*Asks:* 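Would you mind keeping the following structure in view while I ask a few things?
Predicted model only: the values in this text are computed from it and were never measured. This chain uses plain numbering: 1 for the first residue, then up along the sequence.
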Amino acid sequence: MEFGEKTVSKETIFEGNLLTLEKHDVKLQNGNLSQREIIRHGPAVAIIAINEGKIAMVRQYRKAIEKAILEIPAGLVDPDEDWDVAAKREFEEEVQLSADHWERLVGFYASPGYLDEYLQLYTAKGLHHVANPKAQDADEHLETVWLTGDECEEAIKSGEICDAKTIYAVSYMRQYLQ
(Lines give C-alpha, C1' and ligand atoms only; values in the text may rest on other atoms or scores of the structure.)
Protein backbone atom coordinates (compact mmCIF):
# COMPACT_ATOMS: atom_id res chain seq x y z
CA MET A 1 0.00 0.00 0.00
CA GLU A 2 1.29 3.45 -0.87
CA PHE A 3 1.07 6.20 1.73
CA GLY A 4 0.82 9.93 1.26
CA GLU A 5 -1.41 12.95 1.00
CA LYS A 6 -1.29 15.59 -1.70
CA THR A 7 -1.63 19.21 -0.64
CA VAL A 8 -4.28 20.84 -2.81
CA SER A 9 -4.02 24.25 -1.15
CA LYS A 10 -2.58 25.78 1.98
CA GLU A 11 -3.08 28.95 3.95
CA THR A 12 -0.96 30.54 6.65
CA ILE A 13 -3.30 31.26 9.55
CA PHE A 14 -0.75 32.73 11.95
CA GLU A 15 2.93 33.61 11.80
CA GLY A 16 4.68 34.40 15.07
CA ASN A 17 8.19 34.59 16.47
CA LEU A 18 8.24 30.93 17.50
CA LEU A 19 5.86 29.15 15.17
CA THR A 20 3.67 29.31 12.09
CA LEU A 21 0.21 27.74 11.86
CA GLU A 22 -0.91 26.49 8.46
CA LYS A 23 -4.18 25.01 7.22
CA HIS A 24 -3.79 22.48 4.40
CA ASP A 25 -6.51 21.07 2.17
CA VAL A 26 -5.29 17.60 1.22
CA LYS A 27 -6.31 14.82 -1.10
CA LEU A 28 -6.12 11.49 0.71
CA GLN A 29 -4.94 8.20 -0.76
CA ASN A 30 -8.53 7.14 -1.33
CA GLY A 31 -9.31 10.34 -3.26
CA ASN A 32 -11.30 12.03 -0.49
CA LEU A 33 -10.51 15.57 0.63
CA SER A 34 -9.61 16.51 4.20
CA GLN A 35 -7.97 19.31 6.17
CA ARG A 36 -4.79 19.37 8.21
CA GLU A 37 -3.67 22.01 10.68
CA ILE A 38 0.12 22.06 10.90
CA ILE A 39 2.40 23.93 13.25
CA ARG A 40 5.79 24.82 11.76
CA HIS A 41 8.41 25.11 14.47
CA GLY A 42 12.19 25.31 14.31
CA PRO A 43 14.38 22.40 15.38
CA ALA A 44 15.64 22.02 18.93
CA VAL A 45 18.36 20.31 20.94
CA ALA A 46 18.20 18.76 24.40
CA ILE A 47 21.00 17.64 26.68
CA ILE A 48 21.23 14.65 29.01
CA ALA A 49 23.97 15.64 31.46
CA ILE A 50 24.81 13.11 34.16
CA ASN A 51 27.31 13.83 36.93
CA GLU A 52 27.96 11.66 39.99
CA GLY A 53 24.75 9.67 39.45
CA LYS A 54 22.52 12.72 39.03
CA ILE A 55 20.98 14.29 35.95
CA ALA A 56 20.82 18.02 35.29
CA MET A 57 17.31 19.46 35.13
CA VAL A 58 15.97 22.96 34.83
CA ARG A 59 12.79 24.04 36.58
CA GLN A 60 10.79 26.56 34.62
CA TYR A 61 7.25 27.76 34.27
CA ARG A 62 5.42 26.58 31.15
CA LYS A 63 2.48 28.80 30.27
CA ALA A 64 0.84 26.25 27.97
CA ILE A 65 0.22 23.94 30.94
CA GLU A 66 0.15 26.69 33.62
CA LYS A 67 2.77 25.19 35.95
CA ALA A 68 6.46 24.92 36.69
CA ILE A 69 8.01 21.63 35.60
CA LEU A 70 11.40 19.95 35.53
CA GLU A 71 12.98 19.36 32.13
CA ILE A 72 16.39 18.52 30.77
CA PRO A 73 18.21 21.58 29.37
CA ALA A 74 16.99 22.30 25.84
CA GLY A 75 16.48 25.05 23.33
CA LEU A 76 16.07 26.08 19.75
CA VAL A 77 18.68 25.81 17.03
CA ASP A 78 19.21 29.28 15.58
CA PRO A 79 18.84 29.66 11.80
CA ASP A 80 22.00 28.42 10.04
CA GLU A 81 23.49 27.30 13.39
CA ASP A 82 25.33 23.99 13.64
CA TRP A 83 23.36 21.54 15.82
CA ASP A 84 26.38 20.63 17.96
CA VAL A 85 27.12 24.31 18.55
CA ALA A 86 23.48 24.89 19.49
CA ALA A 87 23.57 22.09 22.08
CA LYS A 88 26.70 23.51 23.72
CA ARG A 89 25.29 27.05 23.67
CA GLU A 90 21.96 26.05 25.18
CA PHE A 91 23.66 23.96 27.88
CA GLU A 92 25.87 26.88 28.87
CA GLU A 93 22.97 29.36 28.83
CA GLU A 94 20.64 27.18 30.87
CA VAL A 95 22.93 25.59 33.49
CA GLN A 96 26.18 27.61 33.20
CA LEU A 97 28.13 24.42 32.45
CA SER A 98 30.22 23.04 29.64
CA ALA A 99 31.35 19.49 28.94
CA ASP A 100 34.50 17.80 27.68
CA HIS A 101 32.65 15.02 25.86
CA TRP A 102 29.54 15.33 23.72
CA GLU A 103 27.65 12.53 21.99
CA ARG A 104 24.75 12.89 19.60
CA LEU A 105 22.03 10.39 20.51
CA VAL A 106 18.63 9.87 18.94
CA GLY A 107 16.56 12.54 17.25
CA PHE A 108 12.79 12.51 16.94
CA TYR A 109 9.69 14.49 16.05
CA ALA A 110 7.87 15.81 19.09
CA SER A 111 4.33 15.16 17.80
CA PRO A 112 4.27 14.59 14.01
CA GLY A 113 0.49 14.47 13.75
CA TYR A 114 0.39 18.27 13.69
CA LEU A 115 3.90 19.58 14.47
CA ASP A 116 7.13 19.44 12.45
CA GLU A 117 9.51 20.21 15.37
CA TYR A 118 12.53 17.88 15.33
CA LEU A 119 14.44 17.39 18.57
CA GLN A 120 18.03 16.12 18.71
CA LEU A 121 19.24 14.63 22.01
CA TYR A 122 22.83 14.78 23.24
CA THR A 123 24.76 13.48 26.22
CA ALA A 124 27.27 15.73 27.94
CA LYS A 125 30.04 14.26 30.12
CA GLY A 126 33.06 15.68 31.90
CA LEU A 127 31.10 18.67 33.19
CA HIS A 128 32.70 21.86 34.44
CA HIS A 129 31.55 25.36 35.29
CA VAL A 130 31.99 28.16 32.79
CA ALA A 131 33.79 31.23 34.17
CA ASN A 132 31.71 33.78 32.24
CA PRO A 133 28.65 31.88 31.01
CA LYS A 134 26.34 33.09 28.30
CA ALA A 135 23.26 34.74 29.78
CA GLN A 136 19.89 33.02 29.86
CA ASP A 137 17.39 34.25 27.31
CA ALA A 138 15.61 37.38 28.51
CA ASP A 139 12.24 35.60 28.63
CA GLU A 140 13.50 32.62 30.67
CA HIS A 141 13.63 32.14 34.43
CA LEU A 142 15.38 28.85 35.21
CA GLU A 143 16.57 27.01 38.28
CA THR A 144 19.10 24.17 37.91
CA VAL A 145 18.22 21.02 39.85
CA TRP A 146 20.24 17.79 40.07
CA LEU A 147 18.20 14.61 40.60
CA THR A 148 19.03 10.96 41.17
CA GLY A 149 17.22 8.30 39.17
CA ASP A 150 14.86 7.60 42.08
CA GLU A 151 14.11 11.31 42.49
CA CYS A 152 13.36 11.50 38.76
CA GLU A 153 10.93 8.59 39.02
CA GLU A 154 9.14 10.34 41.88
CA ALA A 155 9.01 13.58 39.87
CA ILE A 156 7.47 11.67 36.96
CA LYS A 157 4.85 10.13 39.26
CA SER A 158 4.02 13.53 40.76
CA GLY A 159 3.80 15.18 37.33
CA GLU A 160 6.68 17.57 37.93
CA ILE A 161 8.47 15.80 35.05
CA CYS A 162 5.82 15.47 32.35
CA ASP A 163 7.35 16.06 28.91
CA ALA A 164 8.43 13.30 26.54
CA LYS A 165 12.05 14.36 26.04
CA THR A 166 12.72 14.41 29.78
CA ILE A 167 10.95 11.12 30.44
CA TYR A 168 13.11 9.62 27.67
CA ALA A 169 16.21 11.14 29.30
CA VAL A 170 15.32 9.58 32.65
CA SER A 171 14.87 6.20 30.99
CA TYR A 172 18.23 6.61 29.25
CA MET A 173 19.88 7.62 32.52
CA ARG A 174 18.52 4.56 34.33
CA GLN A 175 19.90 2.29 31.62
CA TYR A 176 23.19 4.21 31.38
CA LEU A 177 23.91 3.97 35.11
CA GLN A 178 23.38 0.18 35.32
*Asks:* Between the main-chain N or O of G159 and the side-chain N or O of K67, is there a donor-acceptor pair closer than 3.5 Å?
*Replies:* yes
*Asks:* Does K27 come within less than 4.0 Å of E5, counting only side-chain N to carboxylate O?
*Replies:* no
*Asks:* Roughly how far, to the nearest 0.5 Å, is SG of C152 from CD1 of I161?
*Replies:* 4.5 Å
*Asks:* In terms of hydrophobic clustering (I, L, V, M, F, W, Y; side-chain heavy atoms under 4.5 Å; direct or indirect links), are V170 and L105 co-clustered?
*Replies:* yes
*Asks:* How long is the gap from CG on L97 to CG on N51, to the nearest 0.5 Å?
*Replies:* 8.5 Å
*Asks:* Applying salt bridge (charged side-chain N to carboxylate O under 4.0 Å, His left out), run through D150 and R174 and close with a yes or a no.
*Replies:* CA-CA 9 Å; D150 289 343; R174 299 295 261 185; 3.0 Å; yes
*Asks:* For the pair R59 and E160, evaluate salt bridge (charged side-chain N to carboxylate O under 4.0 Å, His left out) and give the outcome as yes or no after the intermediate values.
*Replies:* CA-CA 9 Å; R59 179 177 286 120; E160 192 171 19; 2.9 Å; yes
*Asks:* Check the pair D163, R62 against salt bridge (charged side-chain N to carboxylate O under 4.0 Å, His left out), reporting the backbone distance first and the verdict last.
*Replies:* CA-CA 11 Å; D163 70 298; R62 293 301 196 179; over 6 Å; no
*Asks:* In Å and rounded to the nearest 0.5 Å, what is the CH2 to CG distance from W83 to D78?
*Replies:* 12.0 Å
*Asks:* In the structure I gave you, are the side-chain heavy atoms of L119 and Y109 within less than 4.5 Å of one another anywhere?
*Replies:* no
*Asks:* With no hydrogens and no angle check, is any side-chain donor or acceptor of E15 less than 3.5 Å from a backbone partner on T12?
*Replies:* no
*Asks:* Taking E103 for its side chain and A124 for its backbone only, find out whether a donor-acceptor pair lies under 3.5 Å.
*Replies:* no
*Asks:* What are the two closest non-hydrogen atoms of Q29 and G4, and how far apart are they?
*Replies:* OE1-N, 2.7 Å
*Asks:* Charged N to carboxylate O under 4.0 angstrom, E81 versus R89?
*Replies:* yes
*Asks:* Given 3.5 Å as the limit, does a donor-acceptor pair link the side chain of E151 with the main chain of T148, or not?
*Replies:* yes
*Asks:* Hey, can you tell me if W102 and Y122 have their rings parallel, tilted or perpendicular (30° and 60° cut-offs)?
*Replies:* perpendicular
*Asks:* Are D100 and K125 ion-paired here, with the side-chain N under 4.0 Å from a carboxylate O?
*Replies:* no
*Asks:* Apart from L115 itself, which Ile, Leu, Val, Met, Phe, Trp or Tyr residues share its cluster (side-chain heavy atoms under 4.5 Å, direct or through members)?
*Replies:* I13, F14, L19, L21, I39, Y114
*Asks:* Between the main-chain N or O of L70 and the side-chain N or O of Q60, is there a donor-acceptor pair closer than 3.5 Å?
*Replies:* no
*Asks:* Determine whether a donor-acceptor pair (N or O, by modelled atom type, separation under 3.5 Å) exists between the side chain of T166 and the backbone of I72.
*Replies:* yes
